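Here is how names work: the chains are called A, B, and so on, in the same order as the sequence lines, proteins then strands, and each is numbered from 1. The structure displayed is predicted, hence computed values, not measured ones.
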Amino acid sequence: MSASPRSSGAQLLEVDSVSFHTGGAALLDTIGFSLQPGELTLLLGPNGAGKSTLLRLLAREQAPSAGEIRLLGRPLSEWRAAELAGRRAVMPQDCPLTFPFTASEVVALGLPPPLPSRVGRTVVQELLEWLEVVHLAQRSYPSLSGGEQQRVQLARVLAQIWRSPGPRLLLLDEATSALDPAHQYRIMAMLRTLARQAEIGVIAACHDLPLAASFASRVLLLRDGRLLADGAPGQVLSRENLAGVYDLDAEVHSGDRPRIHIAGCLRPVPDLPGSLRTDC
Amino acid sequence: MAAALKRAPPLPALIALGVGLLICGLLALRTGPYQLGLMEVWRILSGSTEADLAATMVVRELRLPRLLLGALVGAALALSGAMLQGLFRNPLADPGLIGVSSGAALGAVGVIVLGERLFSVVGVGVPAGALPVAAFVGALVATLVIWRIASRNGTTQVALLLLAGIAINAIAGAGTGVLTFMADDAQLRTLTFWSMGSLAHASWPDLRVTAPLLLILLLAMPMLARPLNALLLGEAVAGHLGHEVHRVKQATVLLSALAVGAAVSVSGLIGFVGLVAPHLVRLTIGVDHRWLLPASALLGACLLVSADMLARVVVAPAELPIGLVMALIGGPFFLILLMRQRWV
């Protein structure tokens, strides 16, 4: 089918001067980076910076206005839908489900069609066990807590690419934002293991700076549709960058895994209008 | 809430439904004002020469086409309901919801009330196929209008689709109301009977037209089972999973519109099958469309065949409209199930 990825020496993902405009506004402006399997890349930036837009383009939900995205050396637009589904999986921020599928049925929804059903059952079982949700297998998905649903969804997303040979891409859009810290850290640690031990490159949009500092192998910093910084957490998560991107006054103890303490906002908060004030 | 879902294994359930349909069918062939023994029915079906001539006529020319039509219509309505509910991600969606049934109704009522006047202009009587064709066209026009409104830039918005369905229902309902108002007494009787649904006029020529169409639809629909499963997770996710979302939605709407149009054209308006059958199946074997679709079709067929049997027996020698029977059985049964079982 496609050119063998390893023989061509292509990157897993190449984003080449990608821009995206809608209604005259530039949501993304000449973004460029590339990604190898094994990397856990966290995509940071304030609301409206273009993180979700970038992920939508990478997921091929929309096409870039300019520039090109290549997966394994081949333009994303040239992939057949089923072929692409075996190479890249996408986990949305939330995934509501009105019908009472069981958790294991939800995971099975991710299985690619050509997989024999016996193999499929094994994959579902492996994933439920690995993500520590095997006790939920026969529970109704809508009755699970947010954290449980998120882990089941992650299993579903992984089922899609679990048995595909070769390098694969996993995209997550704030997939852990609604979780308690314990689950956030657990899932992020699992993603890191996944990236290291399988040939999977992960890009995850995220709002949690300490989380990114602890787990990312690489951080992309977006603001106003531009890629401001790209590198190891120790380089990108600097006092200057956090001030420039988030207007945050942060103390950063630099290192490979920088420790970040956010002291406050750089821009002063305006006083209340006089009519609302009761202190004078 | 922590309990595991209790569900019947799907394959045995499907087999049980198939056996149930066969039993319902045999009972339907022997039941009626002219009661027959099961052995007699068997002799007639197997073409034995010992069978009574009058009984043979009743079974072959009246009950058999009626049974087959009832089973096909029931299966088509149930399957359309199950598919539309999947498409709308709403267990209460019904073929009537997107306006297809009322579009078909408007077409059929138009022929009943205006047919004679229209065709006398050309100097001919109303042709036999005019009513089914009109119902068909009504269903298709309704679907295409809704589709046109709800589809923008290659994507379909489910909310718009539902809202457009409400508007089409209102418009078609008003049109049907005006026609009813214009109808004379004889037409009103036909119209009433038809609008309450009936299989009483089932005949082989009827079947020759609708059976192949309904069979093709019944066989085509389960091919959408996997994409419909994925669609329950949302359109974006179905796309990520490698499905051609727009084409799946298009196929779902067109197939169910055709099936409902065909069903309405031969049997009038029969409600509840498309709502009750998939519901019962979901409650017993679950929501996976690969099992849900065939099981709903079988259960829909069983339901309609049984309801038709009741319709013929309860006030014999007269006959109740099957639409009423379905509503009388289906409504309360459904309510009880709703009260006993939580969705989640």
Side-chain angles (χ1 to χ4, degrees), chain A residues 52 55-56 58-62 79-114 117 135-145 148-149 152-153 156-157 159-161 164 169-171 173, chain B residues 1-11 82-83 85-93 153-155 158 223-248 278-279 281-292 341-344:
Chain A
S52 294
L55 284 176
R56 271 203 301 280
L58 298 181
R60 208 173 74 171
E61 277 177 53
Q62 283 166 311
W79 286 74
R80 286 189 303 112
E83 216 183 341
L84 185 61
R87 283 287 176 195
R88 73 92 186 84
V90 186
M91 181 158 167
Q93 193 165 359
D94 56 350
C95 202
L97 190 57
T98 39
F99 287 96
F101 273 113
T102 62
S104 69
E105 281 174 330
V106 170
V107 179
L109 287 180
L111 294 170
S117 58
H135 58 291
L136 307 175
Q138 297 311 314
R139 294 262 307 272
S140 164
Y141 176 83
S143 76
L144 302 179
S145 77
E148 292 168 333
Q149 289 191 350
V152 170
Q153 282 299 336
R156 197 257 310 156
V157 167
Q160 188 183 332
I161 52 173
S164 308
L169 175 65
L170 178 61
L171 305 171
D173 190 3
Chain B
M1 289 301 273
L5 284 179
K6 287 195 186 67
R7 278 177 183 168
L11 189 60
M83 290 178 58
Q85 285 147 24
L87 180 72
F88 294 147
R89 273 165 268 154
N90 184 338
L92 296 174
N153 307 326
T155 62
V158 167
M223 294 197 305
L224 290 166
R226 281 190 69 96
L228 279 174
N229 274 345
L231 216 49
L232 290 185
L233 293 166
E235 291 179 18
V237 172
H240 299 151
L241 284 167
H243 296 288
E244 311 268 4
V245 175
H246 186 61
R247 277 168 56 188
V248 170
H279 261 295
V281 173
R282 276 195 206 94
L283 289 176
T284 46
I285 65 173
V287 287
D288 186 337
H289 283 87
R290 285 172 299 176
W291 298 106
L292 174 69
Q341 187 117 14
R342 298 176 58 96
W343 288 117
V344 189

**Study point:** By salt bridge (charged side-chain N to carboxylate O under 4.0 Å, His left out) - contacts of Asp288(B) (at least two apart)
**Key:** Arg290(B)
Study note, to complete from the structure: Sorted by chain and number, sequence neighbours left out, salt bridge (charged side-chain N to carboxylate O under 4.0 Å, His left out) with Arg247(B) holds for none
Revision key, fill the gap. Ranked by heavy-atom pairs below 4.5 Å to chain B, first place among Val106(A), Leu136(A), Leu109(A) goes to Leu109(A)
Review point. So what's closer than 4.5 Å to chain A heavy atoms on Val287(B): side chain, backbone, both or neither?
Key: both
Review point. After noting the C-alpha distance and the side-chain angles of His240(B) and Met91(A), does the key distance pass the side chain to side chain contact (heavy atoms under 4.5 Å, CB included) rule?
Key: CA-CA 9 Å; His240(B) 299 151; Met91(A) 181 158 167; over 6 Å; no
Can you tell which part of [X] gets under 4.5 Å to a heavy atom of chain B, answering side chain, backbone, both or neither?
X: Leu111(A); value: backbone
X: Arg60(A); value: neither
X: Leu84(A); value: neither
X: Pro112(A); value: backbone

Check your understanding: Do the non-hydrogen side-chain atoms of Leu233(B) and Gln153(A) ever get within less than 4.5 Å of each other?
Key -> yes
Exercise for review: Identify the two heavy atoms, one from Glu244(B) and one from Ala81(A), that lie closest to each other, and give their separation to 0.1 Å.
Suggested key: OE2-CB, 4.2 Å
Review point. What closest approach, in Å, do Phe99(A) and Arg282(B) show between heavy atoms, and which atom pair accounts for it?
Key: CE2-NE, 3.2 Å
